[in-house]
Trainee: 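Got a structure for you, questions after.
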Amino acid sequence: MVRPATSTLGVAGLVTVLLGAFLPMLDFFIVNVALPTIDHDLAAGPAVLELVAAGYGIAFAVLLVLGGRLGDTFGRRRLFIAGAAAFALTSLICGIAPSAWTLVAARVAQGASAALLLPQVLATITAVSSGPQRARALSIYGAVGGVSVVIGQVLGGMLVSADLFGTGWRSVFLLNVPFALLTAVLAMAYVPESRAPHAAKVDLPGTALLTAALLALFVPLMEGRAVGWPLWTWLMLSAFPFLAAAFLFVERRAELSGRVPLVPLSLLRIPEMRHGLGIAVPYFTGFGGFMFVIAVMLQQGLRLGPVAAGWALVPMAVGYFFASLSGPRLINRFGSRVITAGAVVQGLGLATLITTVLTDWAHFSPLRMLPGVALAGIGQGLIGTPLFRVVLSKVPLDRAGVGSGVLATTQQSSLALGVATLGTLFLALSPSMGIAHALALALALQLTGSVVIFGLSTRLPRSVG
């Protein structure tokens, strides 16, 4: 029999919500190494194949803020359980999909269920914990986010090659089902309910405009190369700045008139939120692009199988993990200087990789990648671990859901933007420039992002709450 939820977030509750965060973030990238096998089995073709990867990320990013608002209104535990159950169901549909287009539709639905689930994690941590407990939980959340992305590609490669019970690539999705259901059951027992004291109505104009703006940006960026950049892709891209401006106008007017907008722009008056989000964009854009480009390079450039391609990133995961473990102690001692140091270390790792690619591509291998990816992983852990603490440290409790939704949307949108921009650039330039020079260019752009992170981190308050 399931016991009623406790009133505070204990260890079991924290593990439960972190598992709820791990699964959707894992699935953002676990499909990368499975795409060639999916293409072979379902005859998907480039355009549909990119939708298999992009459909999840687009739906996830578009609906995250709305998911946070719904949790504020109807209860975060309730939405967490519903999201976990929906994630299990949609993962099952992905795993048994008979055709490529069925898989695309299921991936979009899976992304929507993830958007219900993930915002409740940060909002619950922020709303029902405080002081050192909250700081520790947010640091662990940051570590889980980064490690899950790397583990996703390692685990994806292992599952595809293992061909469990003859399921092949389908096990990548079917594995989610028992863990998502377990998450829902544990949440009934160990996750406390919380909601905003004064529930606000859903901001329909804001939701529609944000959805339209993100779709106008991501759909052409992710599909344009595969379909040959027809006119509609350029029309959608040209509409994006106007839709974004309309969204900001509607949100500002709603807040000035006393209504509660989907994204209260007054949150950006909080320095920690404003500068933290500024760091999050180049950080997650670079991270997303890096993981996609490296996965393609390992399989298409070095002709590695899915397992070897996954294991090539283990040094990065190890570096990220140990940097994350030391993160809370370093943050307590050095504050936001940890992010500054992380930007330097990440930059050194990327510069090492670029040098290795350009000077000795003929002998390039996972072993020669090791110093660069390990340094990059350490740097990313030092940035990502404190970042969530910084952004949410001064958000009022009654705005925990919307603040968490804004941060999660920035995170997932930036990951998707990295795949769409750096990934598309790499794929477009590889035939003419060669894989080595295209890879070096993509890494150089991420290195530029490290410089931006370094500069913005110096504007953060030194003390992190």
Side-chain angles (χ1 to χ4, degrees), residues 29 31-55 57-58 100 104 153 156-157 160 169 217-237 285-306 308-310 312-313 350-366 368-369 372-373 376 415-449:
F29 285 96
V31 74
N32 279 356
V33 292
L35 289 176
T37 312
I38 293 172
D39 189 21
H40 179 268
D41 286 357
L42 301 182
V48 179
L49 204 63
E50 289 204 17
L51 278 177
V52 171
I58 292 171
V104 169
Q153 300 201 171
V160 171
W169 58 267
L217 177 65
F218 288 129
V219 171
L221 283 178
M222 291 185 168
E223 283 295 292
R225 186 193 64 86
V227 297
W229 296 104
L231 178 61
W232 66 263
T233 59
W234 297 108
L235 292 176
M236 289 187 75
L237 283 173
T285 299
F287 197 15
F290 179 90
M291 298 304 296
F292 180 82
V293 167
I294 291 295
V296 173
M297 181 275 296
L298 290 170
Q299 293 184 86
Q300 295 184 5
L302 300 186
R303 303 295 179 188
L304 299 182
L313 292 170
L350 293 170
T352 302
L353 271 176
I354 293 169
T355 302
T356 307
V357 168
L358 292 179
T359 58
D360 198 16
W361 176 249
H363 300 97
F364 195 73
S365 67
R368 291 181 180 270
M369 284 173 55
V373 295
L415 286 170
L417 185 63
V419 174
T421 53
L422 295 179
T424 298
L425 184 68
F426 173 74
L427 292 172
L429 295 180
S430 293
S432 58
M433 292 181 63
I435 289 180
H437 287 89
L439 174 61
L441 177 60
L443 294 174
L445 291 173
Q446 189 185 0
L447 178 57
T448 303

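Just so you know, these numbers come straight off a predicted model, no measurement behind them.
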Trainee: Can you name the closest pair of heavy atoms from Thr285 and Thr421 and give their distance?
Mentor: CG2-OG1, 4.4 Å
Trainee: Given Phe292, which of Leu415, Leu422, Leu427 fulfils the side-chain contact (heavy atoms from CB on, under 4.5 Å) condition?
Mentor: Leu427
Trainee: Report the distance from atom CG of Leu443 to atom OG1 of Thr352, rounding to the nearest 0.5 Å.
Mentor: 11.0 Å
Trainee: Check step by step if side chain to side chain contact (heavy atoms under 4.5 Å, CB included) holds for Ile294 and Leu439.
Mentor: CA-CA 8 Å; Ile294 291 295; Leu439 174 61; 4.2 Å; yes
Trainee: Does Trp169 reach the side chain of Val31, with side-chain heavy atoms less than 4.5 Å apart?
Mentor: no
Trainee: Give, for atom OG1 of Thr424 and atom CD of Glu223, the distance between the pair rounded to the nearest 0.5 Å.
Mentor: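 CD of Glu223 is found 9.5 Å from OG1 of Thr424.
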Trainee: Suppose we screen for side-chain hydrogen bond (donor to acceptor under 3.5 Å, both in side chains). Which residues come up paired with Asp360, at least two apart in sequence or across chains?
Mentor: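 Counting only residues at least two positions away or on another chain, Asp360 forms a side-chain hydrogen bond (donor to acceptor under 3.5 Å, both in side chains) with His363, Arg368.
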Trainee: Rounded to the nearest 0.5 Å, what's the gap from OG1 on Thr233 to CG on Leu237? Could you check?
Mentor: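 Spacing of OG1 (Thr233) from CG (Leu237) equals 6.5 Å.
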Trainee: What verdict does the side chain to side chain contact (heavy atoms under 4.5 Å, CB included) test give for His437 and Leu429, after you've listed the backbone C-alpha separation in whole Å, the side-chain angles of each residue and the deciding distance to 0.1 Å?
Mentor: CA-CA 9 Å; His437 287 89; Leu429 295 180; over 6 Å; no
Trainee: For Phe426 and Leu441, run side chain to side chain contact (heavy atoms under 4.5 Å, CB included): C-alpha distance rounded to whole Å, both residues' side-chain angles, the deciding distance at 0.1 Å, then the answer.
Mentor: CA-CA 8 Å; Phe426 173 74; Leu441 177 60; over 6 Å; no
Trainee: For a 4.5 angstrom cut-off between non-hydrogen side-chain atoms, does Val48 reach Asp39?
Mentor: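 When only atoms from C-beta onward are counted, Asp39 and Val48 do not touch, as no gap falls below 4.5 Å.
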Trainee: Can you give me the closest heavy-atom contact between Ala420 and Met222, atom names plus distance?
Mentor: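 For Ala420 and Met222, the tightest heavy-atom pair comes out as CB-CG, 3.7 Å.
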Trainee: If you take all heavy atoms of Phe364 and Leu302, which pair is closest and at what distance?
Mentor: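 Looks like O-CD2, 3.8 Å.
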Trainee: How close do Trp229 and Pro220 get, counting heavy atoms only, and between which atoms?
Mentor: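 For Trp229 versus Pro220, the nearest heavy atoms are CZ3-O, 3.5 Å.
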Trainee: Between Ala312 and Met369, which heavy-atom pair has the shortest distance, and what is it?
Mentor: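 Of all heavy-atom pairs spanning Ala312 and Met369, the closest is O-CE, 4.5 Å.
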Trainee: Could you check Leu445 against Phe290 for side chain to side chain contact (heavy atoms under 4.5 Å, CB included), going step by step and ending with a plain yes or no?
Mentor: CA-CA 10 Å; Leu445 291 173; Phe290 179 90; over 6 Å; no
Trainee: Can you find a pair of side-chain heavy atoms, one from Pro366 and one from Leu304, that are under 4.5 Å apart?
Mentor: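 Of all side-chain heavy-atom pairs linking Leu304 with Pro366, at least one is under 4.5 Å.
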Trainee: Do you know which two heavy atoms are closest between Val419 and Gly288, and how far apart they sit?
Mentor: CG2-O, 3.7 Å
